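Numbers restart at 1 for each chain; the letters A, B, ... are given by sequence-line order, proteins then strands. These figures come from a predicted structure and were not determined experimentally.
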Amino acid sequence: MGYKVCFDEVNQIFDELRKEYEIWAPKRFPGKGRYSDTDLIRYDKVKTVEEIVFDEKSDFPAKEVLSPITEPLFYFTEDEWKESKATSKKLLIFMRPCDIAAQQRQEKIYLGNGGFSDIYYERMHEKVKIVMMQCDLNDDTCFCVSMGTNKTDNYSLAVVAEDGALKVEVKDDAFAPYFEGKNAEDYVPSFPTENITKLTIPEIPNKEVLTKLKEHPMWQEYNKRCISCGSCTVACSTCTCFTTTDIAYNENGSVGERKRTTASCQIEGFTDMAGGHSFRNTPGDRMRYKVLHKFHDYKERFKDYHMCVGCGRCISRCPEFISITATVNKMSKAIEEIVAAENK
Amino acid sequence: MLQLRVPGALIDAKHLALVQELCQKYGNGTFHMGMRQTLNIPGIKYENIPAVNAKIKEYIQDVSVEMCDCDMEADDLGYPTIGARNVMACIGNSHCIKANANTHEMAKKIEKLIFPSHYHIKVSVAGCPNDCAKGNFNDFGVMGIYKMDYDQDRCVGCGACAKACDHHATGVLSLNAHGKIDKDSCCCVGCGECVIACPTGAWTRGDTHLWRVTLGGRTGKQFPRMGKLFMNFVTEEVVLGMFANWQKFSAWVMDYKPEYLHGGHLIDRAGYVKFKEMILDGVELNPEAKVAEELYWTEAEQRANIHVKPISKHHKAGPQA
Ligand code: SF4
Ligand code: SF4
Ligand code: SF4
Ligand code: SF4
Ligand code: SF4
């Protein structure tokens with residue numbers, strides 16, 4: 001069923017919904033951007049539809065709702081532990097198609113990867129209902145069409161904002177009662193069909209080529225350019241790495257809390273092991289690891305699709321203007337070189 | 001030499017055509033980049049002054065009257081006064097990523113308060129305490145700063161902010177055993193390097209634009225010196241309220257008989273404490289504001305014993321017998 005509901009009425013629906021749901025959406029934080037007098041857009045709980053930013057991509061992805069940057073896991077005393085509390089409400093999250101696809105990619109890692117489900121992710125995941133925000137952005141960093149993440153039917157509601165009203169497709173019957181008696185109007189969401197940025201992802205034909213690619217000089221460029229800040233992975237819709245830390249409440253550490261915090265493979269020290277051994281010592285090594293993970297290793301393991309959803313956030317957040325698409329293009333060229341040399 | 005004022009150092013590029021015409025038609029064909037960011041036209045012949053003054057009416061109208069809203073009318077006689085010097089500014093956040101403020105907007109507001117006037121004053125506005133605008137060598141240096149907010153839930157403990165603060169600023173940040181940041185708030189200069197470095201947006205600038213004001217800097221043959229920190233974390237209202245008192249203060253120091261004297265000397269004559277009292281008269285300080293209780297100048301004397309002279313030659317401030 002389709003509806004066209006003015007913002008005032010949407011807010012009344014929000015009031016009803018909020019009895020059962022937390023409503024999360026991209027929200028503007030004026031003046032809180034990296035540079036002065038610029039804004040930050042990130043996910044937060046909203047009460048009104050006016051708070052939601054429809055016409056700009058959020059700086060940080062929707063994944064922050066399900067896996068916050070810092071999350072308490074459990075509290076311990078000498079021989080007991082107690083799981084931290086998750087929200088008691090369900091979660092209604094406004095997401096663009098790329099963020100929806102990203103959630104699917106994250107599920108593979110959090111739920112059932114190696115026969116293990118992450119209970120902290122699972123308990124949030126169970127609560128999620130998706131509102132798909134029709135995406136008409138076509139920002140010059142987007143390449144969802146190339147990644148096949150531009151279309152989705154994984155949502156309960158689809159919406160588009162148009163002159164002070166929301167057009168809504170109600171796909172999930174659970175939401176039908178909220179729209180009873182509202183102004184019916186046909187609405188079928190559209191999806192991005194072409195991006196300004198297009199990317200062809202190279203095939204790596206065999207292990208030998210992969211090994212040579214890892215040793216290719218192309219990665220060394222990033223030793224000069226990348227400052228290993230981790231902005232790209234924190235902003236990435238699909239990155240899932242975290243570290244756990246214990247915080248002791250008393251002197252001998254027998255009472256305390258375990259929390260987990262987002263981590264980044266781009267930051268120096270990420271692979272440090274006890275004893276001081278580290279695998280990836282240079283920014284170039286770390287870049288190679290990230291790019292291959294997004295555009296090779298993940299698909300190799302889980303089949304179906306690559307990890308990257310083409311949201312372009314890593315490009316817009318990189319303070320050194322390093323572009324993932326330019327990097328993948330360089331990788332394609334390197335692979336061609338390697339294959340050509342092998343066939344000689 | 002004609003000097004066209006460029007308050008805040010940013011104007012419509014269309015004016016460059018006029019500058020070229022003036023240089024080639026009335027000047028000696030060269031152009032000088034003014035040390036205080038004025039557009040300088042050297043070599044104008046005495047007999048051409050009236051014609052040039054008539055020509056720059058439109059420029060004065062556009063820049064001083066309209067852009068800066070100065071209390072004056074543009075006529076055929078050129079600039080009415082030369083007392084207050086051009087308000088300089090670095091590029092600020094219209095381009096520089098380190099900036100905490102739009103320096104041009106601030107400079108224009110200051111220009112409106114100090115020009116036209118016969119009282120000399122040199123002001124420069126910088127977007128951050130890096131002070132590319134050299135406010136430290138002006139009577140007043142005005143630098144954009146913020147109080148920073150830290151959201152520990154967004155912090156991933158990467159330590160980039162601490163490194164940046166250490167490298168570029170004051171080293172007041174450190175990573176604690178819980179993987180979060182501790183701050184020694186004694187000496188933060190409010191520069192924002194931590195915000196720029198933070199990958200997660202855990203550090204953000206506060207809600208209010210704030211300013212740092214340095215005082216008493218100058219160059220000169222006799223006693224050049226660097227300015228000292230006069231006010232820290234003050235709002236725009238405080239800065240503008242202070243500049244609004246400048247003419248009153250100058251008039252009092254010279255016993256209401258305007259004479260051509262550099263602004264810095266007026267502050268010296270009155271002494272810092274008297275200056276502070278008069279310049280902040282009626283100015284309501286914001287809660288975060290800090291003001292120097294005393295300032296002790298150490299002169300870099302270019303000439304020995306410059307301050308040592310017969311009492312009769314000492315300058316006096318205020319009502320004179
Ligand atoms: S790698 Fe970049 S484009 Fe791909 S999902 Fe992550 S942030 Fe988006
Ligand atoms: S955001 Fe850019 S500079 Fe920072 S780690 Fe990623 S690629 Fe390197
Ligand atoms: S003073 Fe600061 S804002 Fe201005 S140009 Fe220098 S670094 Fe940039
Ligand atoms: S504002 Fe500047 S001085 Fe203050 S903590 Fe941040 S980097 Fe350090
Ligand atoms: S830079 Fe940001 S995320 Fe990293 S330690 Fe500092 S506040 Fe935390």
Side-chain angles (χ1 to χ4, degrees), chain A residues 29-44 58-61 64 68-72 226-236 239 241-249 253 256-270 313-314 317-321, chain B residues 91-106 126-128 143-161 163-164 167 175-181 190-211:
Chain A
F29 292 79
K32 304 297 177 187
R34 183 185 275 150
Y35 307 119
S36 66
D37 293 336
T38 63
D39 301 343
L40 185 77
I41 303 171
R42 65 170 168 85
Y43 275 77
D44 198 12
S58 59
D59 295 288
F60 293 106
E64 289 188 359
I69 290 180
T70 309
E71 188 179 18
C226 171
I227 57 169
S228 303
C229 68
S231 294
C232 48
T233 65
V234 175
C236 178
C239 281
C241 291
F242 59 82
T243 56
T244 51
T245 326
D246 285 347
I247 297 177
Y249 296 164
E257 157 191 349
R258 176 164 298 178
K259 63 185 169 90
R260 72 169 159 206
T261 309
T262 299
S264 168
C265 59
Q266 298 305 288
I267 296 173
E268 208 183 335
F270 178 77
R313 287 190 175 99
C314 53
R317 286 295 292 176
C318 176
E320 301 299 312
F321 306 103
Chain B
I91 190 71
N93 74 5
S94 61
H95 180 76
C96 180
I97 59 169
K98 306 275 187 182
N100 289 310
N102 185 318
T103 49
H104 321 300
E105 292 305 320
M106 188 60 162
C128 79
M143 300 160 206
I145 54 173
Y146 270 99
K147 286 259 174 189
M148 307 304 163
D149 294 329
Y150 174 59
D151 177 352
Q152 93 161 30
D153 286 340
R154 289 195 72 79
C155 175
V156 298
C158 65
C161 55
K163 261 193 221 158
H167 185 77
L175 202 56
N176 64 29
H178 298 162
K180 302 289 175 185
I181 291 294
C191 64
E193 290 288 353
C194 47
V195 178
I196 298 169
C198 180
T200 66
W203 281 112
T204 51
R205 293 175 188 80
D207 293 328
T208 325
H209 271 287
L210 294 171
W211 300 88

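- Atom CG of residue B:Asp153 and atom CD of residue A:Glu71 lie 11.0 Å apart, to the nearest 0.5 angstrom.
- Proximity to chain A is absent for every atom of B:Cys96, based on heavy atoms less than 4.5 angstrom apart.
- The two residues B:Ile196 and A:Tyr35 have their closest heavy-atom pair at CG2-CE2, 4.1 Å.
- Neither the backbone nor the side chain of B:Cys128 comes within contact range of chain A; no heavy atoms are under 4.5 Å apart.
- Counting heavy-atom pairs closer than 4.5 Å to chain A, the top residue among B:His178, B:Lys98, B:Lys163, B:Gln152 is B:His178.
- A donor-acceptor distance shorter than 3.5 angstrom exists from the side chain of B:Arg205 to the backbone of A:Arg34, with no hydrogens or angles considered.
- A distance-only check finds no donor-acceptor pair linking the side chain of B:Arg154 to the backbone of A:Pro68 [under 3.5 Å].
- Nearest approach of A:Ser36 to B:Ala101, heavy atoms of both residues: OG-N, 3.7 Å.
- Closest approach of B:Lys180 and A:Thr261 over heavy atoms only: NZ-CG2, 4.4 Å.
- No option in B:Asp207, B:Val195, B:Asp151 other than B:Asp207 meets the side-chain contact (heavy atoms from CB on, under 4.5 Å) test with A:Lys32.
- Looking at every heavy atom in both residues, B:Asn102 comes nearest to A:Asp37 through N-OD2, 4.3 Å.
- When all heavy atoms of B:Pro199 and A:Gly230 are compared, the closest pair comes out as CB-C, 4.0 Å.
- Of the listed residues A:Val234, A:Asp246, A:Thr245, the one with more heavy-atom pairs under 4.5 angstrom with chain B than any other is A:Val234.
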